[in-house]
**Student:** 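Sending over a structure as structure tokens; questions will come in a sec.
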Amino acid sequence: MNVNRRTFLVQAGAASLSTGILDAHALAADGVSAMDRERMRSVAAFTAETLSTDHPMAFGADIVSTATGERLMRAVNRVGPDHDPSAHAETLTIRLACAKLGSGSLKGYTLYTTCEPCAMCMGCALWSGLDRLVFGATIADAGRFVSQISIPAKEVARRTDLQCVVAGPVEREVCVKLFTDPRMQKVFAMWKKH
């Protein structure tokens, strides 16, 4: 039986619901579950903790087991502190997760990120073999405050034979608040000067 990935995930969600195992994993028509919304709120709260530090950040990411929801790794953007333009939250979380597993593959895992990934981060997600990528704020939301490569993540995913389900925006308003926080606005103003 040849079933596309989205249909499989919807059927898997329905199967979980019918067996009573994890009804929170049941996917709505948009491919998003109640558990996805909960996890997005969690990564947004984790990222918001940085707003009271010397390095406030609006970009955070979590990698969890697609099957169990167990967290493997989480991180925030470290471009400034690490002087590394590739240290976006998504790529950093992927690097750390792969190192923890001792593998270049994240098959069996889902990435949650407070903002739709740029083309670099989406490429990294695809190459790592993630099952799913779920984002909060859109790349257009972030582009209102900071420079972005404005290619939608779903477009990057569409242009490859690598497989990764992209869902979002999820809990968009919660994630946009990270960008509009006055402490983050000061950081964005500083970034524009440099």
Side-chain angles (χ1 to χ4, degrees), residues 1-13 15-16 21-22 24-25 27 31-33 35-47 49-50 55 57 59-136 139 149 151-168 170 175:
M1 176 184 218
N2 186 6
V3 179
N4 73 34
R5 185 164 181 72
R6 181 166 161 46
T7 302
F8 170 77
L9 288 171
V10 171
Q11 290 170 347
S16 295
I21 298 171
L22 292 174
H25 289 293
L27 298 176
V32 176
S33 70
M35 188 63 70
D36 289 333
R37 295 180 199 295
E38 180 182 317
R39 288 180 183 141
M40 187 60 68
R41 288 189 301 271
S42 174
V43 73
F46 164 73
T47 305
E49 292 175 15
T50 69
H55 299 285
M57 195 46 55
F59 302 95
D62 254 352
I63 294 178
V64 304
S65 166
T66 302
T68 68
E70 182 180 345
R71 180 178 301 115
L72 176 63
M73 189 59 57
R74 73 177 6 173
V76 296
N77 181 302
R78 300 238 351 128
V79 170
D82 291 355
H83 310 290
D84 178 355
S86 70
H88 290 198
E90 299 91 342
T91 57
L92 185 57
T93 307
I94 290 168
R95 280 187 213 139
L96 293 169
C98 287
K100 184 174 183 177
L101 293 175
S103 171
S105 173
L106 291 174
K107 185 170 178 55
Y109 290 90
T110 296
L111 174 71
Y112 292 88
T113 179
T114 59
C115 186
E116 183 175 7
C118 70
M120 174 185 72
C121 293
M122 190 62 216
C124 187
L126 289 163
W127 285 116
S128 71
L130 286 160
D131 295 341
R132 298 176 69 226
L133 184 144
V134 182
F135 66 86
I139 207 152
I149 298 173
I151 303 170
K154 290 177 183 175
E155 177 66 14
V156 176
R158 187 183 70 75
R159 291 176 169 247
T160 181
D161 61 349
L162 300 168
Q163 299 298 309
C164 180
V165 173
V166 179
V170 173
C175 294

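In this text, all values refer to a predicted model and were calculated from it rather than measured experimentally.
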**Student:** Measure the spacing between OG1 of Thr113 and CD of Glu90 and express it to the nearest 0.5 Å.
**Tutor:**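 Between atom OG1 of Thr113 and atom CD of Glu90 there are 3.5 Å.
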
**Student:** Verify side-chain contact (heavy atoms from CB on, under 4.5 Å) between Leu101 and Tyr109, making sure each step is shown before the conclusion.
**Tutor:** CA-CA 12 Å; Leu101 293 175; Tyr109 290 90; 3.8 Å; yes

**Student:** Look only at the side chain of Ser128 and the backbone of Leu106, and say whether a donor-acceptor pair between them is shorter than 3.5 Å.
**Tutor:**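 Side chain of Ser128 to backbone of Leu106, a donor-acceptor pair under 3.5 Å: no, none is there.
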
**Student:** Between Ser105 and Gly129, is there a donor-acceptor pair closer than 3.5 Å when you use the side chain of the first and the backbone of the second?
**Tutor:**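 No, Ser105 side chain to Gly129 backbone: no donor-acceptor pair under 3.5 Å.
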
**Student:** First locate atom CD1 of Ile63, then atom NZ of Lys100, and finally report the distance between them rounded to the nearest 0.5 Å.
**Tutor:**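 Ile63 CD1 to Lys100 NZ: 10.5 Å, rounded to 0.5 Å.
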
**Student:** Would His55 and Val76 count as a side-chain contact (heavy atoms from CB on, under 4.5 Å) here? Give the steps.
**Tutor:** CA-CA 10 Å; His55 299 285; Val76 296; over 6 Å; no

**Student:** Passes salt bridge (charged side-chain N to carboxylate O under 4.0 Å, His left out), Glu38 versus Arg41? Steps please.
**Tutor:** CA-CA 5 Å; Glu38 180 182 317; Arg41 288 189 301 271; 5.1 Å; no

**Student:** With a 4.5 Å heavy-atom cut-off, do Thr91 and Arg95 have their side chains touching?
**Tutor:**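 Thr91 vs Arg95: side chains touch.
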
**Student:** Ignoring hydrogens, what is the shortest heavy-atom contact between Ile149 and Ala119? Give both atom names and the distance.
**Tutor:**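 For Ile149 and Ala119, the tightest heavy-atom pair comes out as CG2-CB, 4.3 Å.
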
**Student:** Between atom OG1 of Thr66 and atom NZ of Lys107, what is the distance when rounded to the nearest 0.5 Å?
**Tutor:**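 Result: 9.5 Å between the selected atoms.
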
**Student:** Does the side chain of Val32 come within less than 4.5 Å of Arg37's, by heavy atoms?
**Tutor:**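 Yes, their side chains come closer than 4.5 Å.
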
**Student:** If you look at every heavy atom in Met120 and Ser86, which pair is closest and at what distance?
**Tutor:**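 Minimum heavy-atom separation between Met120 and Ser86: CE-CA, 3.8 Å.
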
**Student:** Can you name the nearest heavy-atom pair linking Leu96 to Ala75, along with the distance?
**Tutor:**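 Leu96 and Ala75 have their closest heavy atoms at CD1-CB, 4.2 Å.
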
**Student:** Can you name the nearest heavy-atom pair linking Gly123 to Val156, along with the distance?
**Tutor:**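 Reported closest heavy-atom pair: N-CG1, 4.4 Å.
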
**Student:** Which atom names give the shortest non-hydrogen contact between Phe135 and Pro117, and what distance separates them?
**Tutor:**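 Closest approach of Phe135 to Pro117, heavy atoms only: CB-CD, 4.2 Å.
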
**Student:** In Å and rounded to the nearest 0.5 Å, what is the CG to OG1 distance from Asp62 to Thr93?
**Tutor:**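 Interatomic distance, Asp62 CG to Thr93 OG1, rounded to 0.5 Å: 7.5 Å.
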
**Student:** Hey, are the side chains of Val166 and Met122 touching, using non-hydrogen atoms and a 4.5 Å cut-off?
**Tutor:**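 Sidechains of Met122 and Val166: in contact.
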
**Student:** Could you tell me whether the side chains of Arg74 and Ser42 share a donor-acceptor contact shorter than 3.5 Å?
**Tutor:**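 Yes, side-chain donor-acceptor contact under 3.5 Å.
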
**Student:** Find the distance between CE (Met57) and CZ (Arg78) and round it off to the nearest 0.5 Å.
**Tutor:**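 Separation between the atoms: 9.0 Å.
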
**Student:** Roughly how far, to the nearest 0.5 Å, is CD1 of Ile94 from NE2 of His88?
**Tutor:**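 Interatomic distance, His88 NE2 to Ile94 CD1, rounded to 0.5 Å: 12.0 Å.
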
**Student:** Has the side chain of Thr114 got a donor or acceptor atom that lies under 3.5 Å from a matching backbone atom of Gly60?
**Tutor:**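 A pair under 3.5 Å: yes.
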
**Student:** Are the side chain of Asp131 and the backbone of Thr110 linked by a donor-acceptor contact shorter than 3.5 Å?
**Tutor:**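 Pair absent, no side-chain N/O of Asp131 close to backbone of Thr110.
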
**Student:** Could you tell me which non-hydrogen atom of Ala153 sits nearest to which non-hydrogen atom of Glu116, and how far apart they are?
**Tutor:**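 So the minimum-distance heavy-atom pair works out to N-OE2, 2.8 Å.
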
